[in-house]
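Values below: all heavy atoms of this structure, side chains included; hydrogens, waters and symmetry mates excluded. In what follows, chains are A, B, ... by sequence order, proteins preceding strands, each numbered from 1.
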Amino acid sequence: MNNSIKKLIEDVLYKTCKESGISREHLPPIFINQPKKKEWGDLSTNLPFSLSQKTGKSASHIGKLLTSSLENEKLFSRVEFIPPGFINFFISSLYLKQTLKKILIQKEEFTQFSSGKGKKVQIEFVSANPTGPLHIGHGRAAAFGDSLANILSKVGYEVEREYYVNDVGGQIKRLFSSVWARLKELEGEKVSFPEDGYKGEYLIEIAKQVKKELGSKLSEIAKGVDLEKEIAKEEKINQITEGFSSEKKMAQKKREEKAESQILGLLGRFAVNEILKEIKVDLKVFGVRFDSWISESSLHQKKAIPEILSYLQEKNYLYEKDGALWFKTSLFLPGEEDRVLRRRNGDYTYFASDIAYHQDKLRRGFDRIIDIWGADHIGYVPRMKAAIQALGYPEKTLQVIIYQLVTLKRGKKRISASTREGKFIPLKEVLDEVGRDAARFFFLSRTCGSHLDFDLELAKKQTPENPVFYVQYAHARICSILENARENRIKIKNPDEVKLDLLTTPEERELMKELSLLPDEVYEAAKSLEPHRLTTYLQELATLFHQFYTRHRVISEDRELTQARLMLVKAIKIAIGDVLGLLGISVPQKM
RNA sequence: GCGCCUGUAGUUCAGUGGAUAGAACGUCGGCCUCCGGAGCCGAAGGUCGCAGGUUCGAAUCCUGCCAGGCGCGCCA
């Protein structure tokens, strides 16, 4: 089940060290990597260096000692100590052949691990406010989170993808009043657009729909408001004659406000739903699915926030000051400022509902929680981690991955990305221009810490030359070869019946070696939460395949060699398909 | 001002403290009698932002500068 070659080498090294009298506790972490030059073997380690630091013995002494006892391992055809402190491993062709067979038999299972087995992890990502369509930055988060979820399932985790809908708070109120203003505009009224409203044109479309679907209901409520105004006028007259009681005035104003908030609530909920629908469509087009959608308003309905506050109160993590209720962030993170959970006016802050939200997640029994946030939330991480501790969980239960924001450019011109101002390029448009696969590959080939420039012009221009097509082309080529074999009535045999020993050219060996490294790549991508390692791997594998393809024929007069090479390309096909699947990129038979 | 992130080829980016720093795109020059030329081969292109430090060894770790991004609300 465990196909990791690095793990195998590690185990052998541990064993050898033990036999040489070095106990496991004294062992530094073992790093095994691919050396830059072929002469330095397939894999190498600097263990003699690190051991010499630990034990005080010379690296050369340790290296020679380890190397001599490793020589008989079947895994290697050769093991060399190279001064000053490297051990280079040359993988035996026996192992490479076995690996090839394993891939053909196990298929996608070949990269499956069980290290996360029995553990539940939740990844929360995108979670864009339902105030407008997804833009390019959300695309980055979507590609990243989705792929990470795939990768973590590969190593055995039970993974849940969640989208948190922030449908409460200031930005939603602004959305409501913006739709309201657009609606009035549609009805020919001249209104001043709310200054802090959402100016994007998509709200005009939504206002049109509101008018179509809710028109009659709204006007009824609006009539109510007008009625109130009439009453108010009368009362003003009365005021002159018999004086105006402030009580009455207040009551009237309240009625007016109530009617207005009814309208806003009605069309607001409608707008939120419409926008969410569009977001879901965009995500579907991008190939991203969520297992769970949870809204902030549902937490309010469950009274989750007062509940969590009284829990924190009991623990003595809260205090009142200036009429507000504060959380002692500084208790957990010296240097951090305390934060307000309940405002002077009685409203809860976003932080308060976010604590309730994370408590809700933790109660659902996840062993790990991963939040993927944009860099604009960087300052928010420490207080959330403090909250996790206050809830009684170790800080590391929550991992926050911060991705740097995407700067959209067209040539040299920057396009600002403000949802509020409506000056942003929707993800949908980007996908129309460059395609889903290219966009995903672009996002996933970079570390999320990189501040990346997305040049639409360049992306479009590069599309035919895009690395993703290079990889997909390799897969399509293999499919074509296999098709060709079928047409020539070549029956593809079982791996056991094929003489894999015939795969002797350097290109074939390189390919087999690359294939045998795949499980480690997946494992390391999962461990470091870095999907981009896999795009790098795919490009390397595709390069090796294309090189092989131009230098050798798969289908030839030599029947046995043909069979062996068909095995090889089939294994490559499985590997490419598997990894593209993890990245959420389509795997074309033809292009 | 403080905090986090980033600075690597003309451009966009990879690069677990290891050996002579890589890829793609772009530029220049080659390769189709043959399973898909969306391919292959070659060349040019680098003070790894700057300056110190740590050590057998630094693009990588530490310190200080410089430049850019993002934060620093009883906004979300």
Side-chain angles (χ1 to χ4, degrees), chain A residues 29 31-33 35-37 39-40 44-46 49-50 52-53 59 82-86 88 129 131 166 168-172 174 196 296 321-326 335-337 339-354 374-382 402-405 407 442 445-455 458-459 461-474 476-485 487-488 524 528 532-533 535-536 539-540 542-543 545-556 562 565 569 590-591:
Chain A
F31 291 105
I32 295 162
N33 37 23
K36 284 170 195 153
K37 292 190 105 179
E39 302 94 271
W40 297 335
S44 79
T45 183
N46 61 349
F49 275 128
S50 38
S52 98
Q53 270 172 355
I82 303 293
F86 299 101
N88 296 338
N129 289 340
T131 53
N166 294 119
V168 174
Q171 89 282 7
I172 288 294
R174 280 191 290 275
D196 54 357
E296 191 178 352
K321 195 182 91 185
D322 304 332
L325 189 63
W326 296 70
E336 277 292 314
E337 284 172 39
R339 301 289 169 174
V340 170
L341 294 181
R342 196 181 60 220
R343 286 173 217 144
R344 205 181 313 172
N345 69 5
D347 286 351
Y348 300 116
T349 59
Y350 177 77
F351 184 38
S353 55
D354 225 12
D376 49 342
H377 289 79
I378 184 73
Y380 195 71
V381 179
I402 295 290
Y403 63 92
Q404 296 303 318
L405 301 175
T407 317
F442 176 82
S445 16
R446 286 138 173 83
T447 55
C448 52
S450 69
H451 305 254
L452 64 88
D453 289 339
F454 196 103
D455 185 341
L458 202 69
K461 207 165 68 182
Q462 281 179 5
T463 295
E465 312 288 325
N466 200 297
V468 72
F469 297 108
Y470 183 79
V471 175
Q472 289 177 321
Y473 183 59
R477 253 186 167 173
I478 293 172
C479 290
S480 168
I481 294 169
L482 296 174
E483 180 58 32
N484 200 288
E487 278 169 13
N488 285 304
E524 279 163 25
S528 58
H532 79 274
R533 287 163 175 268
T535 60
T536 310
Q539 289 181 79
E540 280 168 11
T543 300
F545 169 73
H546 286 307
Q547 285 172 345
F548 162 76
Y549 178 89
T550 47
R551 287 169 204 174
H552 308 286
R553 285 189 59 86
V554 174
I555 297 169
S556 66
T562 299
R565 286 185 170 163
V569 297
K590 282 180 184 168
M591 289 176 72

**Message:** Please report the distance separating the P of B/C56 from the corresponding atom of B/C72, rounded so that it comes out in whole Å.
**Reply:** 45 Å
**Request:** Looking at every strand, decide which applies to A/Thr536 at a 4.0 Å heavy-atom threshold: base, sugar-phosphate, or nothing.
**Result:** sugar-phosphate
**Message:** Would A/Tyr380 count as stacking on B/G71 if stacking means ring centres less than 5.5 angstrom apart and planes tilted under 30 degrees?
**Reply:** no
**Syn/anti state for B/C32 [syn: chi within 90° of 0]** = syn
**Prompt:** Across the strands shown, which category fits A/Asp322 at heavy-atom distances under 4.0 angstrom: base, sugar-phosphate, nothing?
**Reply:** base
**Prompt:** Which comes earlier along RNA chain B counting from the 5' end, the contact point of A/Glu39 or that of A/Ala375, where each point is its nearest nucleotide?
**Reply:** A/Glu39
**Message:** Using the P atom as the point on both nucleotides, what is the distance between B/A9 and B/C4, in whole Å?
**Reply:** 26 Å
**Request:** For the residue pair A/Glu296 and A/Ser353, confirm or rule out a side-chain donor-acceptor distance under 3.5 Å.
**Result:** yes
**Asked** Considering only the P atoms, how many Å lie between B/G69 and B/G45, rounded to the nearest integer?
**Response** 33 Å
**Asked** When we call it a touch if two heavy atoms are under 4.0 Å apart, what does A/Ile555 touch: a base, just sugar-phosphate, or nothing?
**Response** base
**Item:** Test item: side-chain donor near acceptor, A/Arg339 and A/Thr349, under 3.5 Å
**Value:** no
**Prompt:** Taking the same atom, C1', in B/G52 and in B/A58, what whole-Å distance lies between them?
**Reply:** 13 Å
**Message:** Can you tell me if A/His532 touches the phosphate of B/G15, counting only side-chain N or O atoms and a distance under 4.0 Å to OP1 or OP2?
**Reply:** yes
**Asked** What does A/Thr535 touch in the nucleic acid at a heavy-atom separation under 4.0 angstrom: a base, only the sugar-phosphate, or nothing?
**Response** nothing
**Message:** At less than 4.0 Å, is any side-chain N or O atom of A/Thr447 found next to OP1 or OP2 of B/A14? Yes or no.
**Reply:** yes
**Complete:** Comparing A/Asn345 with A/Thr543, nearest RNA chain B nucleotide closer to 5' gives the residue A/Thr543
**Asked** Under a 4.5 Å cut-off applied to non-hydrogen side-chain atoms, are A/Tyr549 and A/Val569 in contact?
**Response** no
**Complete:** Rounded to the nearest 0.5 Å, the SG atom of A/Cys479 sits from the CD atom of A/Gln472 at a distance of 11.5 Å
**Item:** C1' atoms of B/G26 and B/C13, separation to the nearest Å
**Value:** 14 Å
**Asked** For B/A14, does OP1 or OP2 lie under 4.0 Å from any side-chain N or O of A/Ser450?
**Response** yes
**Prompt:** Per the atom types in the model, does the base of B/C5 pair as donor or acceptor with the side chain of A/His451 at under 3.5 Å?
**Reply:** yes
**Prompt:** Are any of the side-chain heavy atoms of A/His451 and A/Leu405 separated by less than 4.5 Å?
**Reply:** no
**Asked** What dot-bracket string describes RNA chain B from 5' to 3', counting Watson-Crick and G-U wobble pairs whose defining distances are under 3.5 Å, with [ ] for crossing pairs and | for pairs to another strand?
**Response** (((((((..((((....[...)))).(((((.......))))).....(((((..]....))))))))))))....
**Request:** Measure the shortest side-chain to side-chain distance between A/Phe442 and A/Val468 over non-hydrogen atoms and say whether it is less than 4.5 angstrom.
**Result:** no
**Request:** Indicate yes or no for a side-chain donor-acceptor contact from A/His546 to the backbone of A/Tyr470 under 3.5 Å, with no hydrogens or angles considered.
**Result:** yes
**Item:** Inter-nucleotide C1' distance (B/U12, B/U63), Å rounded
**Value:** 31 Å
**Prompt:** On a whole-Å scale, what distance lies between the P atoms belonging to B/A14 and B/C75?
**Reply:** 37 Å
**Prompt:** For the base of B/A19, is there a side-chain donor-acceptor partner from A/Asn88 under 3.5 Å away?
**Reply:** yes
**Prompt:** Using the ring of each side chain (for Trp, its six-membered ring), is A/Phe86 parallel, tilted or perpendicular to A/Phe49, with breaks at 30° and 60°?
**Reply:** perpendicular
**Asked** With rounding to whole Å, what would you report as the distance between B/A44 and B/G39 at their P atoms?
**Response** 23 Å
